[in-house]
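Letters A, B, ... mirror the listed sequences (proteins, then strands); counts begin at 1.
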Amino acid sequence: MTCPVPGKIEAYLDNELSAHDDREITQHLATCPACAMAALGGRKLKLGIRRAASSAFAPSAEFQAKIRRSVAPRSRPSWLAGLAFAVAVLLVVVVLGLWMRPRSQNVLSEATDLHVSVLASANPVDVVSTDRHTVKPWFEGKLPFTFDLPDLQNSDFHLIGGRMSYIAQSPGAQLIFGIRKHQVSVFIFKDGENFARIGSGPKRSNDLSFDVKTWSDRGLRYIIVSDTNSADVDSLSDLLRAARQ
Amino acid sequence: MPDDRANAETFEALAIPLLAPLYNFAHWLAGNRDEAEDLVQETYVKAMKGFSTFQLGTNFRAWMYRILRNTFLTSRSGLKQMVSLDDEESSIVEPAATDDPESLLFARADEEEIRRALEQLPVAHREIVLLCDVEEMSYKEIAELVGIPIGTVMSRLSRARRTMRSLLRERVHGARS
């Protein structure tokens, strides 16, 4: 039997021969040392390449994760729903924010305006008294609520008087205190819708450089407006809180 | 749509097991990690997009390799390296045929040497060797994947292996002397 062309031995090793040719080569290799040697070499090379090349380069875990993420099926409806929900929430927040901001600012601005008008007025107060036991009864019957005035004996503050005031069409008390050369307005209103947007916690702002501090305490809304320093405002607010205990 | 989701799940199930071998093949073609990653990523993106045109039941693996290979061909380094493909086999230096006892030869060649010899092959030959010996594809599959006649697959394979033997022989002899 003549030796097959080298290409045939390669095809034999690559498992590409027909059953008939395959059988023929197998028989030939059993009897021809030269072809058997070539086949053995070819097989070794093939296996060597397979071993050396098959896992020569492995993708990094990071890269694998990246591909996995990109291939993972996305549930489009829930994804869309999530997006719609996020947009809706964002919209509500933006609209509420836009709506609330001016309103809460408005209430505090009104208080600031009232304070400024008192400073400018020739008759700043309706009831002139340094005695809290005079001022408080003056408001009785004028306001739908009552409040306590602080004891100022051991403080730098003194009571100048009080007047009726109105914020957003509802009545409240405006008390004027003095500290050194400054005047401080304390507004006391029934807490409610008008102030709801400020929030119940203490809040500070600087309106036209006036120090404005507001808080809610058991149904009453307190707003302090002054041009004195914030430490004074804090100590006055402490006195007012203490008066309600 | 539920069809989309089912399709995506089928694609994931078929494509993820091919990630490591595809990456290996890409690295062998491109020669470096960055390009290999780009190739594989682009392959997955293209395949995912085109999966609706893929006919289930046909050869998914060959389909993925074909996308990868086409992506490589149109990449910058692919264009550069595959030039040798056009002027066919003539440009490739033929090693002299010798009758060395090859069984002895390859017992001495370690994996690193085989890898280096493989790197020295022109890409047009290297890819055929890899598809045949590593991916164990048939001549017919390779012919379809690469887009050449089976006869060309066989001749490239034969030349590539001869070059490999010659390179390894040089290394072994070089190491000996």
Side-chain angles (χ1 to χ4, degrees), chain A residues 3-19 21-22 29 32-81, chain B residues 1 4-9 11-12 15-16 19-28 33 36-37 40-41 44-45 47-48 97 99-107 109-115 117-118 126 129-130 132-136 138-140 150 154-155 157-158 161-162 164-165 168:
Chain A
C3 286
V5 290
K8 211 158 191 184
I9 289 184
E10 248 181 299
Y12 168 78
L13 295 173
D14 290 334
N15 223 359
E16 290 280 343
L17 292 182
S18 65
D21 286 358
D22 199 272
L29 290 179
C32 174
C35 284
M37 188 66 91
L40 187 58
R43 165 90 63 209
K44 285 207 164 182
L45 179 64
K46 197 174 161 66
L47 291 177
I49 289 170
R50 182 174 162 72
R51 209 170 35 237
S54 63
S55 50
F57 309 107
S60 68
E62 205 176 293
F63 180 67
Q64 287 190 50
K66 188 176 171 186
I67 294 293
R68 274 171 206 278
R69 269 199 307 277
S70 72
V71 165
R74 288 187 194 92
S75 154
R76 203 191 299 179
S78 72
W79 175 79
L80 259 183
Chain B
M1 283 195 288
D4 280 357
R5 192 175 168 83
N7 260 348
E9 278 169 4
F11 179 77
E12 185 187 29
I16 288 299
L19 179 53
L22 274 172
Y23 176 85
N24 185 52
F25 185 63
H27 200 302
W28 274 113
R33 199 184 76 171
E37 287 188 350
V40 172
Q41 194 176 0
Y44 273 83
V45 169
M48 211 159 30
D99 294 327
D100 270 15
E102 287 174 292
S103 56
L104 289 175
L105 185 70
F106 295 115
D110 65 17
E111 288 186 18
E112 189 50 45
E113 280 170 339
I114 294 178
R115 258 179 233 145
L118 207 49
R126 195 191 307 148
V129 172
L130 290 165
C132 180
D133 290 350
V134 177
E135 302 308 327
E136 297 186 303
S138 69
Y139 292 172
K140 186 168 172 284
I150 289 186
M154 291 171 76
S155 65
L157 202 50
S158 191
R161 285 170 173 160
R162 241 177 294 158
M164 286 287 287
R165 284 194 199 98
L168 289 169

Next item on the list: Check each atom of B:Y44 against the heavy atoms of chain A and say whether the ones under 4.5 Å are side chain, backbone, both or neither.
Entry: side chain
Notebook entry, point to check: Taking atom CZ of B:R126 and atom CD1 of A:I49, what is their separation to the nearest 0.5 Å?
Noted result: 12.0 Å
Notebook entry, point to check: Distance from B:M164 atom CE to A:K46 atom NZ, nearest 0.5 Å?
Noted result: 12.0 Å
Check: So which part of A:A11 gets closer than 4.5 Å to some heavy atom of chain B, the side chain, the backbone, both or neither?
Finding: both
Item checked: Proximity breakdown for A:E10 and chain B, heavy-atom pairs closer than 4.5 Å -> both
Next item on the list: Say whether, by atom type as modelled, one donor and one acceptor occur between the side chain of B:D133 and the main chain of A:R50 under 3.5 angstrom.
Entry: no
Notebook entry, point to check: Which answer fits B:L22, side chain, backbone, both or neither, if we ask what part of it has an atom under 4.5 Å from a heavy atom of chain A?
Noted result: neither
Check: Taking C-beta and beyond as the side chain, do B:E37 and A:S60 meet within less than 4.5 Å on heavy atoms?
Finding: yes
Next item on the list: Give a yes or no on whether B:R115 atom CZ has more than 12 heavy-atom contacts from other residues, nucleotides or ligands under 6.0 Å away.
Entry: yes
Margin query: Under 4.5 Å from any heavy atom of chain A, what part of B:E112 do you find: side chain, backbone, both or neither?
Written below: neither
Notebook entry, point to check: Can you list the steps and then say if A:D14 with B:R161 is a salt bridge (charged side-chain N to carboxylate O under 4.0 Å, His left out)?
Noted result: CA-CA 12 Å; A:D14 290 334; B:R161 285 170 173 160; 2.8 Å; yes
Check: With chain B, which of A:A39, A:A72, A:S70, A:A58 has the greatest number of heavy-atom pairs at distances under 4.5 Å?
Finding: A:A58
Check: Can A:R68 and B:E12 be counted as an ion pair, charged N to O under 4.0 angstrom?
Finding: no
Notebook entry, point to check: How about B:S138 and A:E16: do any of their side-chain heavy atoms sit closer than 4.5 Å?
Noted result: yes
Check: With chain A, which of B:L157, B:V129, B:L130, B:L118 has the greatest number of heavy-atom pairs at distances under 4.5 Å?
Finding: B:L157
Check: Do A:F63 and B:V40 come within less than 4.5 Å of each other through their side chains, counting heavy atoms only?
Finding: yes
Next item on the list: Of all the heavy-atom pairs spanning A:F57 and B:N24, show the shortest one and how long it is.
Entry: N-OD1, 3.0 Å
Check: If you round to the nearest 0.5 Å, how far is CG of B:L19 from NZ of A:K66?
Finding: 12.0 Å
Item checked: Nearest non-hydrogen partners of B:V134 and A:S54, listed with the distance -> CG1-CA, 3.5 Å
Next item on the list: Verify side-chain contact (heavy atoms from CB on, under 4.5 Å) between B:L168 and A:L45, making sure each step is shown before the conclusion.
Entry: CA-CA 10 Å; B:L168 289 169; A:L45 179 64; 3.9 Å; yes
Note to self: If you compare all heavy atoms of A:A52 against all heavy atoms of B:E111, which two are closest, and at what distance to 0.1 Å?
What the structure shows: CB-O, 3.6 Å
